[in-house]
Student: 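First, the structure itself, so that you have it in front of you.
Lettering of chains follows the sequences in order, A, B, ..., and the numbering in each one begins at 1.
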There are 2 protein chains.
Amino acid sequence: MESIDDIRERFIEMIGMVTQAEGMPRISGRIIGLLIFDGCAYSFGELASQLQVSRGSISTNARMLVERGVIERVARPGDRQDYYQICENPYDSILRGVSERALRAAGDIGRIAGALPPDQSQTRQRLDEYADFYRAVAEGVKIASQRATGRSDDPAA
Amino acid sequence: MESIDDIRERFIEMIGMVTQAEGMPRISGRIIGLLIFDGCAYSFGELASQLQVSRGSISTNARMLVERGVIERVARPGDRQDYYQICENPYDSILRGVSERALRAAGDIGRIAGALPPDQSQTRQRLDEYADFYRAVAEGVKIASQRATGRSDDPAA
DNA sequence: CAATTTGTTCAGTATTGACTGAACGTAATA
DNA sequence: TATTACGTTCAGTCAATACTGAACAAATTG
């Protein structure tokens, strides 16, 4: 029988690999995995020792995750250390980032399409289609976000 | 006034950067950009010379893109070379890959959640939520795919 | 058959970027 | 004020991987 610690380890490493595959640093994913699995707040130092990484890495990755709204810093009275825990709905924040990137790509492509002279309508049409694709992605992600969270802004809930 | 060639160049490089940001090789994106912009079929050799990369790179990247259903090989009677053009709806294929990866992550997480002993219901719940998130992403992407393509399988179209 | 063309493979290179660890600033404590 | 604890920063290291280019097999042409 596999121990809980083994399962935990497996989960944390797995999330690390998944986030790496999504283009994020592996340590970011391991922080997320740890905080989701244990569901409590950990201090800066605990994160470093639990994940066996340098404090520099924790500093960089924790800041990025806070900035993206995935984890949050919480204070403990009488304790000078920084504590971190997973946000209420981290998934929303993650998807917002994906959506933003897609919209930016759509905007970039649309701008290039707009720069084409009028006699290049065929090309412009292909580029506009491409931009629409990215807009559709952004839209689909937004829908996923609504479904994954408590559907707080979904009238049909 | 910016020439069409300059715009073309800018577009191709831009798509290269976008795909790189999505975790794919930059050359793959440049091939896609070239084929979308010009909208015609190019030979293996033309791809290499137009993009100024080695034939080895074209071989590897073209094969991957064909395998993913983004571009396709077309034959020309009396010409031994391989010709490549963008697929009918490359976006569908790209999104299918994204969706599959999300579902795989959801399955992995769900399996780990299932391995937890019954007294870990809190943890299991958090993990199940996480798995649901990835399922929602897969679903949202599928919706995006339907919207971006000709909505061929959307009864409301 | 020799020469040429075409695409693949793979060993080597170059580059990117994650990660480390030491130096540093700051704040608390004695 | 000296010391300790904490988080940040940044120069340097290391690993992953995109890319090159030469060697190769197969097909074609003369």
Student: Whole Å only: how far is the CZ atom of Arg55(A) from the P atom of dT20(C)?
Tutor: 13 Å
Student: Could you check whether any side-chain N or O of Arg10(A) sits under 3.5 Å from a backbone N or O of Ile112(B), counting only pairs where one atom can act as donor and the other as acceptor?
Tutor: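 No; judged by distance alone, with no hydrogens or angles, the pair does not exist.
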Student: Of the candidate nucleotides dG7(D), dT6(C), dG21(C), which contains the atom at the shortest distance from the side chain of Gln81(B)?
Tutor: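 Selected nucleotide (nearest to the side chain): dT6(C).
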Student: Would you indicate which nucleotide in dT8(C), dT28(D), dT8(D) comes nearest to any side-chain atom of Phe44(B)?
Tutor: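 Selected nucleotide (nearest to the side chain): dT8(C).
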Student: Can the ring centroids of Tyr83(A) and Phe44(A) be said to lie less than 6.0 angstrom from one another?
Tutor: no
Student: As a test of reading the structure: which of dT8(C), dT20(D), dT8(D) is closest to the side chain of Ser59(A), going by heavy atoms?
Tutor: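 That would be dT8(D).
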Student: Go through dG7(D), dT8(C), dA18(D) for me and flag the one nearest to the Arg63(B) side chain.
Tutor: dT8(C)
Student: Is it true that atom CD of Glu13(B) has more than 12 heavy atoms of other residues, nucleotides or ligands lying nearer than 6.0 Å?
Tutor: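 More than 12 heavy atoms, drawn from other residues, nucleotides or ligands, come within 6.0 Å of this atom.
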Student: How close or far is atom C1' of dC19(D) from atom CE of Met24(B), stated in whole angstroms?
Tutor: 17 Å
Student: Return the value, rounded to whole Å, for the distance between atom CZ of Arg76(A) and atom P of dC6(D).
Tutor: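 So the CZ-P distance, Arg76(A) to dC6(D), works out to 13 Å.
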Student: Between C1' on dT20(D) and CZ on Arg30(B), what's the gap in Å once rounded to a whole number?
Tutor: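 Checked: the CZ to C1' distance equals 14 Å.
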Student: Toward the 5' end of DNA chain C, which comes first, Gln52(A) or Ile58(B), by nearest nucleotide?
Tutor: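 Whichever sits nearer the 5' end wins; that is Ile58(B).
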Student: For the pair made of CG in Asn61(B) and P in dT17(D), what is the distance, rounded to whole Å?
Tutor: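 Spelled out: CG on Asn61(B) to P on dT17(D) is 15 Å.
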Student: Give a yes/no on whether any side-chain N or O of Arg80(B) is located under 4.0 angstrom from OP1 or OP2 of dT4(C).
Tutor: no
Student: Take the protein atom CG of Leu51(A) and the nucleotide atom P of dT20(C), then report the distance between them rounded to whole Å.
Tutor: 10 Å
Student: Would you say a side-chain N or O of Ser57(A) is under 4.0 Å from OP1 or OP2 of dC19(C)?
Tutor: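 Checking dC19(C) against Ser57(A), no side-chain N or O comes under 4.0 Å of OP1 or OP2.
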Student: Taking the minimum atom-to-atom distance to the side chain of Thr60(A), which one of dG7(D), dC19(C), dT9(D) wins?
Tutor: dT9(D)
Student: Spell out, as yes or no, whether a donor-acceptor pair under 3.5 Å connects the side chain of Asn61(B) to the backbone of Ser57(B).
Tutor: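 Yes, the answer is positive, given that a donor and an acceptor are paired below the 3.5 Å cut-off.
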Student: Met17(B) has an atom CE; how far is it from atom P of dA18(D), in whole Å?
Tutor: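 In whole Å, dA18(D) P and Met17(B) CE are 14 Å from each other.
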Student: Has Arg126(A) got more than 12 heavy atoms of other residues, nucleotides or ligands less than 6.0 Å from its CZ?
Tutor: yes
Student: Look at all strands and tell whether Ile27(A) reaches a base, only sugar-phosphate, or nothing, counting heavy atoms closer than 4.0 Å.
Tutor: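 Sugar-phosphate only.
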Student: Starting from P on dA28(C), measure out to CG on Asp82(A) and report it in whole angstrom.
Tutor: 13 Å
